[in-house]
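One structure is given below, encoded as structure tokens.
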Amino acid sequence: MASSLLPQTLSMQPQNLRRKSPPLSFSDHSKSQWRRPFSSFNPHSPLRLSSTGGVQSRPRSLSSEGVYSTRKPKNYEFADTGGEIEMRFEIGKLNVENPSDIFVDTNDTSLLIRVKSSGILQTLIDVNQLFERVKSSETIWYIDEEQLVVNLKKVDKEVKWPDIMESWETLTEGILQFINGISIYIIGNSTEINEAVAKEIAAGIGFMPICTSELLELYAKQSIDSWVVSEGPDSVAEAEGVIFENLSSQVRTVVGTLGGKHGASSRFDRWRHLHAGFSVWIDKSDVSDEVSAKEEARKNVIEGSSAYAKSDVIVKIGDWDPIYTRDVAKGCLNALKQLNLSDKKLSGKKSLYIRLGCRGDWPDIMPPGWDPASGVDPTQNF
């Protein structure tokens with residue numbers, strides 16, 4: 001994660017300039033108390049905000065000409081026409097008497113539309129977190145027969161919006177335009193979390209889920225725990241490193257890696273092939289607020305005491321419970337989206353790194369023919 005400046009963090013709590021944001025939420029459960037992922041860290045990206053939550057069903061693919069969404073029943077039509085987002089609301093039956101009864105309140109990341117019907121103010125839509133940023137000062141709305149039409153100018157015209165709101169559904173579709181088939185590696189100190197989140201993401205985006213623990217146990221014909229006891233953690237880490245090497249040329253996979261000291265991703269010398277994909281470090285944290293989580297993530301990267309800090313993004317969570325797997329997976333996709341928005345050539349750079357043989361020269365890729373054994377420092381001019 002090369003960066004000459006102090007990287008910034010990504011907050012996963014929605015923030016709305018119109019009204020006070022909800023506090024960090026806590027969910028009681030019989031096994032544990034769990035906090036939603038409240039901070040993710042991206043060394044390549046400016047500060048951006050996102051929300052949690054979402055719907056379940058899979059959307060239809062976008063076309064470059066603009067697409068009308070066919071998700072669960074809703075009260076609007078949606079189209080991404082390239083540089084603009086268009087939304088149409090049926091208001092013929094609402095008895096809206098004049099345009100002064102329509103209130104469109106927007107900022108760069110949120111949207112609130114209300115109408116006064118028979119003296120009562122009704123909300124047509126309230127989105128705390130848009131899929132991406134808009135130029136709120138250029139918002140246009142008008143009435144077309146019995147429809148309210150709202151046009152939002154996108155900040156980034158190249159980004160395709162699956163729908164107006166950032167959610168699990170829109171992230172699982174929208175992330176594909178950024179990662180371009182490059183695989184994703186979920187790393188961290190917990191094998192259980194890594195595998196659960198990897199499977200959830202793979203199911204959402206249509207990639208193949210791979211759990212290295214399953215491959216290793218199939219090969220060794222024994223459990224990981226017994227392998228560690230019989231041959232030591234170094235042996236297991238070395239074997240997982242071989243799996244990383246074999247997977248480095250594969251695309252469209254989401255890999256759940258081993259946690260703990262016997263996991264190869266915990267070793268500084270085992271990252272050569274992990275850089276072939278987008279790596280996400282899921283880190284359990286004891287901090288109780290968003291600001292502290294950001295500072296902790298910054299400290300992780302600056303100190304560099306953990307090999308996990310070599311990952312592309314960091315997602316901080318509280319106590320783990322499997323029922324919140326999707327929330328954590330959503331946080332991972334949001335972080336990857338912001339990472340690739342900040343550097344749109346990143347997936348292409350990953351692809352080049354793979355084609356050149358994953359020589360260990362990430363992120364400063366050397367020209368073809370460079371030999372890692374030559375002793376030449378990749379960070380110096382070649």
Side-chain angles (χ1 to χ4, degrees), residues 1-10 40-48 158 175 177-188 240-241 244-255 257 263-283 294 297-315 332-382:
M1 296 188 297
S3 177
S4 58
L5 299 176
L6 183 64
Q8 297 185 13
T9 59
L10 298 176
S40 58
F41 177 84
N42 177 350
H44 305 275
S45 176
L47 183 64
R48 294 178 185 268
E158 297 179 0
I175 194 66
Q177 66 187 297
F178 302 115
I179 62 177
N180 294 315
I182 298 297
S183 293
I184 299 171
Y185 291 85
I186 307 300
I187 69 169
E240 189 182 31
F244 289 163
E245 180 177 0
N246 290 329
L247 291 176
S248 64
S249 61
Q250 303 298 313
V251 296
R252 299 178 61 83
T253 63
V254 185
V255 183
T257 66
S265 61
S266 70
R267 313 294 180 95
F268 284 95
D269 60 347
R270 295 293 177 180
W271 272 79
R272 173 177 170 181
H273 297 98
L274 280 172
H275 289 309
F278 291 111
S279 52
V280 182
W281 176 16
I282 300 177
D283 185 32
K294 292 179 182 180
R298 289 171 182 263
K299 186 177 179 181
N300 291 151
V301 174
I302 293 172
E303 291 182 347
S305 58
S306 171
Y308 296 144
K310 296 167 73 68
S311 61
D312 294 307
V313 292
I314 302 172
V315 176
C332 296
L333 292 182
N334 170 268
L336 288 174
K337 185 185 80 168
Q338 302 305 336
L339 172 71
N340 283 274
L341 279 171
S342 66
D343 184 358
K344 294 183 179 178
K345 296 181 179 180
L346 190 56
S347 63
K349 188 175 180 180
K350 293 277 188 183
S351 179
L352 174 62
Y353 181 75
I354 295 170
R355 294 198 304 272
L356 291 175
C358 300
R359 302 171 300 178
D361 51 342
W362 183 267
D364 303 294
I365 300 177
M366 304 295 281
W370 175 74
D371 182 3
S374 65
V376 177
D377 187 349
T379 63
Q380 303 299 319
N381 292 330
F382 187 77

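Taking CH2 of W362 as the start and CG of L274 as the end, the distance is 12.5 Å to the nearest 0.5 Å. N334 contributes atom CG, which lies 11.0 Å from atom CG of L339 (distance to the nearest 0.5 angstrom). Atom CD1 of residue I186 and atom OG of residue S279 lie 9.0 Å apart, to the nearest 0.5 angstrom. Summarising the geometry, atom CZ belonging to F178 is positioned 8.0 Å from atom CD belonging to Q338; distances are rounded to the nearest 0.5 Å. In this structure, CD1 in I314 is found 11.5 Å from CZ in R298, a value given to the nearest 0.5 Å. Note that the NZ atom of K345 and the CG atom of L352 stand 12.5 Å from one another [nearest 0.5 Å].
Nearest approach of P368 to L356, heavy atoms of both residues: CG-CD2, 4.0 Å. For the pair H273 and S248, the tightest heavy-atom approach, listed with the atom from each and the gap, is CD2-OG, 3.6 Å. Between C332 and V280, the shortest heavy-atom contact is SG-CG1, 3.6 Å. Between M366 and R359, the shortest heavy-atom contact is O-NH2, 2.6 Å. Between W271 and Y308, the shortest heavy-atom distance links the atoms CZ2-CA, 4.2 Å. Summarising the geometry of Y353 relative to G360, their closest heavy-atom pair is OH-N, 3.1 Å, with the distance given to 0.1 Å.
Using modelled atom types, one side-chain atom of S183 and one backbone atom of Q250 make a donor-acceptor pair closer than 3.5 Å. Under a 3.5 Å cut-off, the side chain of R272 and the backbone N or O of C358 do form a donor-acceptor pair.
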Next item on the list: Might you work through the side-chain contact (heavy atoms from CB on, under 4.5 Å) test for I182 and I354, ending with a clear yes or no?
Entry: CA-CA 10 Å; I182 298 297; I354 295 170; 4.3 Å; yes

Next item on the list: Decide side-chain contact (heavy atoms from CB on, under 4.5 Å) for F278 and L346; before the verdict, give the C-alpha distance in whole Å, the side-chain angles of both, and the deciding distance to 0.1 Å.
Entry: CA-CA 10 Å; F278 291 111; L346 190 56; 3.8 Å; yes

Margin query: What verdict does the side-chain contact (heavy atoms from CB on, under 4.5 Å) test give for S265 and T257, after you've listed the backbone C-alpha separation in whole Å, the side-chain angles of each residue and the deciding distance to 0.1 Å?
Written below: CA-CA 8 Å; S265 61; T257 66; 4.0 Å; yes

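Residues S347 and I179 fail the side-chain proximity criterion, which asks for heavy atoms closer than 4.5 Å. Within the 4.5 Å cutoff, no side-chain heavy atoms of L247 are placed close to those of T253.
Within 6.0 Å of NZ on K344 lie more than 12 heavy atoms contributed by other residues, nucleotides or ligands.
A cation-pi arrangement is not found for K310 relative to W281, the charged atom failing to lie both closer than 6.0 Å to the ring centre and inside a 45° cone about the ring normal.
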